[in-house]
Amino acid sequence: MGRKFKQLKFVREITIKYVANMNDETSLFIPVGFNNNIKWNLGHIYVVQERFAFDIIGEKMTMPNHFKELFSTGTKPSETKKNKIHLQTFKFYFN
């Protein structure tokens, strides 16, 4: 495994470790002064990493189609009602 993919794996493992015991309700909290909740940030991290690791070099990204719509730069959790994605789903995709 190349160094960059080892780094990607490490970041994903650490990210999931931090939310391992979190529930869906807690992941929806948006702190005062911020635009996004933890669930949105997880989705955003995943979309950005997939783009940098695969899309930019012309490889196929492995994510649900609606992830780009929900978590790309410029989106906010307050702008969409479609984000019914469970926290477990992010844990699955980060592995």
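Along the sequence shown, residues carry numbers from 1.
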Nearest non-hydrogen partners of T75 and E69, listed with the distance: CG2-O, 3.5 Å
Test item: S27 side-chain N/O and I38 main-chain N/O as donor-acceptor pair under 3.5 Å: no
Spatial distance of atom CE (M63) from atom CG (L70) [nearest 0.5 Å]: 11.0 Å
For the student: nearest non-hydrogen atoms of L87 and N23, plus distance: CD2-O, 3.8 Å
Separation of F71 CZ from N36 CG (nearest 0.5 Å): 10.5 Å
Residue list, side chain to side chain contact (heavy atoms under 4.5 Å, CB included) with T73, at least two apart or on another chain: H44
SB check K9 E13 (cutoff 4.0 Å): yes
Common cluster, Y18/F10, ILVMFWY with side-chain heavy-atom separation under 4.5 Å: yes
Gap between atom CD1 of I30 and atom NZ of K39 - 0.5 Å precision: 11.5 Å
Sole residue of I16, T15, L42 in side-chain contact (heavy atoms from CB on, under 4.5 Å) with K91: I16
M61 to E50 - nearest heavy-atom pair and separation: CA-OE1, 3.6 Å
Minimum heavy-atom distance between Y93 and R12, given as atom pair plus value: O-NH1, 3.7 Å
Distance flag, aromatic centroids of F34 and F29, threshold under 6.0 Å: no
F90 and F67 aromatic ring geometry - parallel, tilted or perpendicular at 30°/60° bounds: tilted
V47 to S72 - nearest heavy-atom pair and separation: CG1-OG, 4.1 Å
Euclidean distance, W40 CH2 relative to I85 CD1, rounded to 0.5 Å: 12.5 Å
Over all atoms of both residues, closest heavy-atom pair of F94 and Q49: CE2-OE1, 4.1 Å
